[in-house]
Amino acid sequence: MGELYRKGFTQNRELSWLRFNDRVLSEAMDESVPLLERLKFLSIFTSNLDEFFMIRVGSLFDLMHANAEMIDSKSGLTPREQLDQIFAAVRPLYQKRERLFFEVERQLRFHDICHLDYDELAKPERASAKDYYEAMIAPLLSPQIVDTKHPFPRLANKLLHIGVMLKHKNREIFGVVPIPPSIPPIFRLPGSEVRYIRTESIILEYADKLFAPFTVLEKTAFSVTRNADINPDDEIFADEADFRQRMKKMLHRRNRLAPVRLELSSTISKGFTDYLKEKLEIASAQIYTTSAPLKMGYVFGLIASLPDSLKKPLLYPKFTPVWPASIKRGESMIHQIERGDILLAYPFESMDPFLRLIKEASEDPSVISIKITIYRLAGKAKLVEYLCAAAENGKNVTVLIELRARFDEQNNIDWSERLEEAGCTIIYGFDFYKVHSKICLITRKNKGGIEYITQVGTGNYNENTARQYTDLSLMTAHPEIGRDAAEFFKNMSIGNLQGSYGHLLVAPVALKSSLLRLIDGEIAKGDRGRIFIKINSLTDADLIDKLSEASRAGVKIRMMIRGICCLLPGIHGKTDNIEIRSIVGRYLEHARIYCFGEGSEERTYISSADFMTRNTERRVEVACPIYDGKVLEKIHRIIEAELRDTLKARVLLPDGAYCRREDALDPLDSQQFLMDLALAHRADDHKAADAVRRQGLWQRLSGLFHPER
């Protein structure tokens with residue numbers, strides 16, 4: 001697949017991702033989205049772009065130094081050519097972000113939420129800002145000049161700094177002030193209205209005082225983004241026997257890698273710019289100047305602190321994930337799962353039934369073991385509490401925790417130590433292979449022998465993101481799936497990646513080959529073949545090529561791909577029969593669903609794996625078949641809603657751009673529909689069910705997933 005780009009139906013991965021992030025930014029432009037939600041989308045876009053530079057741009061720099069002539073298989077570009085196109089594509093995104101930020105802020109002022117510059121402060125407010133600066137900020141600052149006795153400092157990754165060009169006795173020198181993370185990012189000004197100013201704006205105002213007796217010629221806030229694409233399996237960490245210690249060293253090193261981007265809050269002189277370019281060893285193309293905030297993590301804390309009377313009209317109506325009426329609160333979860341599979345659809349339905357299952361298992365005398373893989377957890381996790389209780393109750397609790405979950409490494413290190421203290425067996429997986437699967441196995445022993453309850457999900461066991469991401473969680477007593485899960489955990493415990501399974505599709509050995517075989521099965525049907533795929537990203541060259549082959553054979557392929565998509569649909573003679581859509585809305589689309597065939601021949605799986613080479617070849621992933629008819633019907637309903645979405649869905653065009661749907665269907669937001677549907681199936685809420693039925697939404701969805709109906 002080294003020359004896949006020559007076939008003419010693929011695009012560059014990084015440029016595809018930037019188009020996805022542009023769609024996140026477009027949500028901030030959508031006037032139908034509440035104002036504070038638009039501000040959140042600006043913050044999400046900003047943090048997404050930060051991570052993109054740290055990881056993807058950083059890895060391209062590494063690749064350029066290692067093999068400058070390596071060609072990207074999807075676009076035919078060298079690393080340098082990819083970087084040039086990325087830097088050019090990002091610049092208009094900065095301009096769009098800045099324009100949108102000030103438009104949203106302008107509109108928020110009509111609601112008495114005022115984000116101010118220092119020169120906008122009233123006289124009493126300036127006095128308050130001065131008192132705050134002198135009491136709470138100045139004592140924590142460490143200004144430094146750079147000269148022969150004071151070397152240029154190591155600027156921490158993504159930390160805000162104040163940079164100044166100083167003059168003293170006909171000599172110009174550079175000065176810098178790191179803004180410690182311990183200082184709150186905003187200062188709420190006293191008064192009845194919500195008026196606030198960013199901390200860096202206050203420090204900029206007092207820069208002259210900080211550097212007295214020097215004269216400040218120029219000043220700016222700035223942030224350096226560093227390459228954060230460190231692999232804990234690198235040789236530099238090879239002598240560290242304890243993997244947890246290896247990860248701690250890796251996190252320390254991440255802040256010291258080479259710069260890949262410089263962001264400035266204001267335009268500075270050529271001399272000042274050249275100085276920073278020389279010291280940071282970066283090019284002009286890597287410098288971005290914007291008057292919008294360089295960091296926007298403050299947004300969520302600001303919104304949380306606003307009085308309800310202000311924020312409620314400016315946010316989406318509150319939605320609490322529901323407990324489904326099909327699950328009886330007062331009955332054992334284990335007994336209900338034994339009667340039939342249960343599927344939870346987050347965030348429309350609550351994670352609580354799964355958590356109750358674990359709590360019940362921790363106390364059930366017949367349960368002998370609980371085994372689980374963990375990739376990301378919330379800062380506070382009931383799941384950990386229940387697993388620890390199970391271990392303390394004498395259950396054999398095994399937790400495979402992936403310490404390399406990017407940017408959650410420290411959190412996972414902390415949780416691994418807590419679980420270990422409670423008596424859980426902790427394992428870390430494999431060198432060179434991340435364990436990204438989401439699977440849990442409860443083993444019970446009773447008079448009839450050994451029984452299993454298996455849970456397989458598409459998303460993490462994170463109680464916070466289960467309220468923000470769309471994911472699926474299957475709980476089943478299917479004995480053969482349980483035996484596969486038991487074999488899986490045995491293989492994980494002995495370091496065996498080559499296991500064989502009868503029902504589960506497990507990467508890195510069998511997932512991709514099974515997917516290719518399933519696609520081949522549809523190719524054999526010709527124009528009767530049907531494939532539906534819902535994933536976050538598509539980059540795997542083998543799967544891309546096989547999907548094109550299926551299209552050429554007449555197979556009808558529908559895909560929902562939220563983010564990166566290296567396959568271009570609608571290319572004549574190559575991908576004519578492939579339709580790709582993407583949804584960006586209130587919740588992050590995160591579930592992975594694979595459907596092959598239709599009717600009695602349909603084979604459907606839910607999985608933790610995207611169609612990316614890293615997932616199919618370099619991670620431990622699990623895909624689980626759906627055997628229960630009611631669960632399959634529920635999955636179809638979700639698919640049908642998303643395929644009918646006309647408000648938040650966009651269609652991917654043959655040139656890689658996205659456009660709104662042009663068909664004449666009635667307006668439908670699939671996420672809102674699924675919220676309504678969850679309310680209609682909430683325990684003891686007949687009024688909500690009647691309201692949804694009156695909207696006629698169910699009828700509007702009929703016959704879409706199976707066209708022959």
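Along the sequence shown, residues are numbered consecutively beginning with 1.
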_Assess the residue pair Trp415 and Val399 against the criterion (side chain to side chain contact (heavy atoms under 4.5 Å, CB included)); give the C-alpha distance rounded to whole Å, side-chain angles, the decisive distance to 0.1 Å, and a yes or no._
CA-CA 10 Å; Trp415 281 127; Val399 180; over 6 Å; no
_Assess the residue pair Thr46 and Arg97 against the criterion (side-chain hydrogen bond (donor to acceptor under 3.5 Å, both in side chains)); give the C-alpha distance rounded to whole Å, side-chain angles, the decisive distance to 0.1 Å, and a yes or no._
CA-CA 9 Å; Thr46 303; Arg97 169 182 173 270; 2.9 Å; yes
_Is there a ring-ring contact (aromatic ring centres under 6.0 Å, His included) between Phe354 and Tyr461? Walk through the geometry before answering._
CA-CA 10 Å; Phe354 168 71; Tyr461 298 106; 5.4 Å; yes
*Hey, mind stepping through Tyr375 and Lys434 against side chain to side chain contact (heavy atoms under 4.5 Å, CB included) and telling me if it holds?*
CA-CA 9 Å; Tyr375 195 74; Lys434 284 187 181 181; 3.7 Å; yes
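The ring-ring contact (aromatic ring centres under 6.0 Å, His included) pairs that include a residue from residues 601-623 are Tyr594-Phe611, where partners are two or more places apart or lie in different chains.
There is no side-chain donor-acceptor pair under 3.5 Å between Gln671 and Glu642. One side chain, Asp676 or Gln672, offers a donor N or O that lies under 3.5 Å from an acceptor on the other. With no hydrogens or angles considered, no side-chain donor-acceptor pair links Thr613 and Arg618 at under 3.5 Å. Counted by atom type alone, His335 and Glu360 present zero donor-acceptor pairs between their side chains at under 3.5 Å. Side-chain atoms of Asp610 and Ser537 form no donor-acceptor pair, as typed in the model, at a separation below 3.5 Å. Residues Thr465 and Arg376 have side chains that never bring a donor and an acceptor to within less than 3.5 angstrom of each other.
With Ile372 as reference, Leu383 is the one residue of Ile401, Leu441, Leu383 to meet the side-chain contact (heavy atoms from CB on, under 4.5 Å) rule. Evaluated for a side chain to side chain donor-acceptor pair (under 3.5 Å) with Asp471, the options Arg592, Lys438, His590 yield exactly one hit, His590. When the options Met333, Gln455, Lys634 are evaluated for a side-chain contact (heavy atoms from CB on, under 4.5 Å) with Ile342, the one that passes is Met333.
Judged as a ring-ring contact (aromatic ring centres under 6.0 Å, His included), and not counting sequence neighbours, the contacts of Phe52 are Trp17. Among residues two or more places apart in sequence or in another chain, the side-chain hydrogen bond (donor to acceptor under 3.5 Å, both in side chains) test is passed with His503 by Glu480, Tyr627. For Arg586, there are no side-chain hydrogen bond (donor to acceptor under 3.5 Å, both in side chains) partners two or more places apart in sequence or in a different chain. Every residue was checked against the side-chain hydrogen bond (donor to acceptor under 3.5 Å, both in side chains) condition with Arg38, not counting sequence neighbours, and none meets it. The ring-ring contact (aromatic ring centres under 6.0 Å, His included) test applied to Tyr587 returns Phe348, not counting sequence neighbours.
Salt bridge status for Lys40 with Glu37: present, with a side-chain N to carboxylate O gap under 4.0 Å. Salt bridge annotation for Lys534-Glu589: present, with a cationic side-chain nitrogen under 4.0 angstrom from a carboxylate oxygen.
No side-chain donor-acceptor contact under 3.5 Å links Glu14 to the backbone of Arg56. With hydrogens and angles disregarded, no donor-acceptor distance shorter than 3.5 Å links the side chain of Lys512 to the backbone of Ala507. A donor-acceptor pair under 3.5 Å is absent between the side-chain atoms of Asp669 and the main chain of Lys648, judged by distance alone. Looking at Lys371, its side chain never comes within 3.5 Å of a backbone N or O of Cys440 through a donor-acceptor pair. Here the side chain of Ser26 pairs a donor or acceptor atom with the backbone of Asp22 at under 3.5 angstrom. Between the side chain of Asn615 and the backbone N or O of Ala609, no donor-acceptor pair lies under 3.5 Å. Remark: the backbone N or O of Glu621 is not paired with any side-chain donor or acceptor of Ser608 at under 3.5 angstrom. In this structure a side-chain-to-backbone donor-acceptor pair under 3.5 Å is missing from Ser16 to Asn12. Checking side-chain atoms of Lys311 against main-chain N and O of Leu36 turns up no donor-acceptor pair under 3.5 Å. Checking side-chain atoms of Thr10 against main-chain N and O of Cys566 turns up no donor-acceptor pair under 3.5 Å.
Lys382 contributes atom NZ, which lies 10.5 Å from atom CE of Met351 (distance to the nearest 0.5 angstrom). In this structure, Phe319 CZ and Met675 CE are separated by 6.5 Å, a value rounded to the nearest 0.5 Å. We find the CD1-CZ distance between Ile583 and Arg23 to be 8.5 Å, quoted to the nearest 0.5 Å. Between atom CD1 of residue Ile44 and atom CG of residue Asn21 there is a gap of 10.0 Å, rounded to the nearest 0.5 Å. Here CG of Leu343 is found 10.0 Å from CG of Leu632. Values are rounded to the nearest 0.5 Å. Atoms CD1 and CD, from Ile531 and Glu598 in turn, are 11.5 Å apart once rounded to the nearest 0.5 Å.
Two residues are said to be in side-chain contact when any heavy atoms from C-beta on lie closer than 4.5 Å; Arg581 and Arg650 fail this criterion. Side-chain contact between Thr616 and Leu543 is present, with at least one heavy-atom pair separated by less than 4.5 Å. Contact check for Phe488 versus Ser437: side-chain heavy atoms found under the 4.5 Å cut-off. Contact check for Ile453 versus Leu357: side-chain heavy atoms found under the 4.5 Å cut-off. By the 4.5 Å heavy-atom criterion applied to side chains, Lys96 and Leu25 are counted as neighbours. You'll find the side chain of Thr575 reaches within 4.5 Å of the side chain of Ser548, heavy atoms only. Under the 4.5 Å side-chain criterion, counting only non-hydrogen atoms from C-beta, Leu474 is in contact with Cys624. Taking 4.5 Å as the limit, every side-chain heavy atom of Ile481 sits out of range of all side-chain heavy atoms of Tyr452.
Heavy-atom minimum distance, Ile578 versus Pro569: O-CB, 3.2 Å. Looking at every heavy atom in both residues, Glu522 comes nearest to Arg530 through OE1-N, 3.0 Å. Here the closest heavy-atom approach between residue Val435 and residue Glu402 is recorded as N-OE1, 2.8 Å. Of all heavy-atom pairs spanning Ile557 and Ser551, the tightest one is CD1-N, 4.0 Å. Smallest separation of non-hydrogen atoms from Ala28 and Leu42: CB-CG, 3.7 Å. Across every non-hydrogen atom of Ala89 and Leu18, the tightest pair is CB-CD1, 3.9 Å.
In the displayed structure, Arg661 atom CZ is contacted under 6.0 Å by more than 12 heavy atoms of other residues, nucleotides or ligands. Other residues, nucleotides and ligands contribute more than 12 heavy atoms inside 6.0 Å of the OH atom of Tyr316. Within a 6.0 Å sphere centred on CD of Glu338, heavy atoms belonging to other residues, nucleotides or ligands number more than 12.
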